[in-house]
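Chain identifiers are assigned alphabetically (A, B, ...) following the order of the sequence lines, protein sequences preceding nucleic acid strands; residue numbering begins at 1 within each chain.
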Number of protein chains: 2
Amino acid sequence: MEKQDLKQVGLKVTQPRMKILELLETIDKRHVTAEDVYKMLLQRDEVIGLATVYRVLTQFEAAGLVVRHHFEGGQSVFELAQDEHHDHMVDLKTGKIVEFYDEIIEKRQKEIAKEHGFKITDHALILYGRFEEE
Amino acid sequence: MEKQDLKQVGLKVTQPRMKILELLETIDKRHVTAEDVYKMLLQRDEVIGLATVYRVLTQFEAAGLVVRHHFEGGQSVFELAQDEHHDHMVDLKTGKIVEFYDEIIEKRQKEIAKEHGFKITDHALILYGRFEEE
DNA sequence: ATGTATGCAAAACATTTGCACCTGG
DNA sequence: CCAGGTGCAAATGTTTTGCATACAT
């Protein structure tokens, strides 16, 4: 139930916000740019200004509903927040993105931060490369 | 001997390229944006167009002389390539960057990639947060 | 000489913002 | 009704490019 989600994070339930959240929840391509969202909405005959898409995604990020990534290639990439943190493998040729999670790496990160008196607020581990031919 | 470096990677030895490489080798702030480089050169009375700085840094990256990072905050950050790979801790308040290397994490990354049939060409592990007051 | 590099200004992007108008509660 | 949200166009900030000129070999 999305209306709840929005209210819970203190955002007024508006048409654009609902539509964008709905889109993010129903596409299979989990990682999208603001422009992807804008265009996908158009395909669904939902006309929402690109500026609004940016504003809404930024608000969603602040609210913890989505996560913003800074992969290579200029554009920010957004994905719906999940309960569990995870990292990414990005195929530089196809753009394919696979998520993974590794307990050992997570643990080491915390230990290393501690050793340096560093308080982690966020972290990103990205492997760039190519998936073997499928 | 920098002249060698440039020739070795197939770049003509020009004034701007030499000056930029020289700068990167002598500053203590290892991580700089193109604009940082541009301004630091001005301080040394070396006037090199910002466009040239971008072009040269991009060429250096292609040649493997420098590494380009996409940290949060829009601008690309460059650093002189080192023999050994390393990761980063970025202080979001002060901009302070500390490098680290962890054998265990590196090993796990390779294992995970293998499990997914993924060939790593590059990877980036960045911890964002704050260093404890110093 | 001559192919490549540079500087400058303009273009190209991604993202943000100002402001008049619309909308949700 | 009215604070807050949206659309559009214009502004911003970063990086790239076109083109005439300058430079390295």
Q: Tell me whether Arg108(A) is salt-bridged to Glu111(A), with the criterion being a basic N under 4.0 Å from an acidic carboxylate O.
A: yes

Q: To the nearest Å, how far apart are Glu72(A) CD and dT14(D) C1'?
A: 17 Å

Q: Rounded to whole Å, how long is the line connecting atom CG of Leu11(A) with atom P of dT6(D)?
A: 9 Å

Q: Determine, using the 4.5 Å side-chain heavy-atom cutoff (strictly less than), whether Leu24(A) and Ile97(A) are members of one ILVMFWY cluster.
A: no

Q: Give a yes or no on whether the backbone of Thr58(B) and the side-chain of Arg68(B) come within a donor-acceptor separation of less than 3.5 Å.
A: no

Q: Check the distance between dG7(C)'s P and Lys19(B)'s NZ and give it to me in whole angstrom.
A: 13 Å

Q: If you measure from the Lys or Arg side-chain nitrogens to the Asp or Glu carboxylate oxygens, is any gap between Lys39(A) and Glu35(A) under 4.0 Å?
A: yes

Q: Whole angstroms only, please: what is the CE-P distance between Met18(B) and dA5(C)?
A: 16 Å

Q: Classify the angle between the aromatic ring planes of His116(A) and Phe100(B) as parallel (below 30°), tilted (30 to 60°) or perpendicular (above 60°).
A: tilted

Q: For the helix from dA1(C)-dT25(D) to dG25(C)-dC1(D), what angle lies between the axis at the first five pairs and the axis at the last five pairs, to 10 degrees?
A: 30°

Q: Check the angle between the aromatic planes of Phe71(B) and His31(B) and answer parallel, tilted or perpendicular using the 30° and 60° thresholds.
A: tilted

Q: Mind calculating the distance between CD (Glu46(B)) and P (dG7(C)) to the nearest angstrom?
A: 11 Å

Q: Calculate the interatomic distance between Leu6(B) atom CG and dT6(C) atom P; express it in whole Å.
A: 10 Å

Q: What is the distance, rounded to the nearest whole Å, between atom CD of Gln59(B) and atom C1' of dT17(D)?
A: 14 Å

Q: Does the protein touch nucleotides 13-25 of chain C at the base, only the backbone, or not at all? Give it as B, S and - per nucleotide, heavy atoms under 4.0 Å.
A: -SBBBB-----SS

Q: Please report the interatomic distance CD1(Ile126(B)) to CD1(Ile126(A)), rounded to the nearest 0.5 Å.
A: 6.0 Å

Q: Using the side chain to side chain contact (heavy atoms under 4.5 Å, CB included) definition, which of the options Leu65(A), Val66(A), Val56(A) pairs with Ile20(A)?
A: Val56(A)

Q: Can you hop from Val32(A) to Leu21(A) via hydrophobic side chains spaced under 4.5 Å?
A: yes

Q: Starting at atom CD1 of Ile48(B), determine the distance to atom P of dA22(D), rounded to an integer number of angstrom.
A: 17 Å

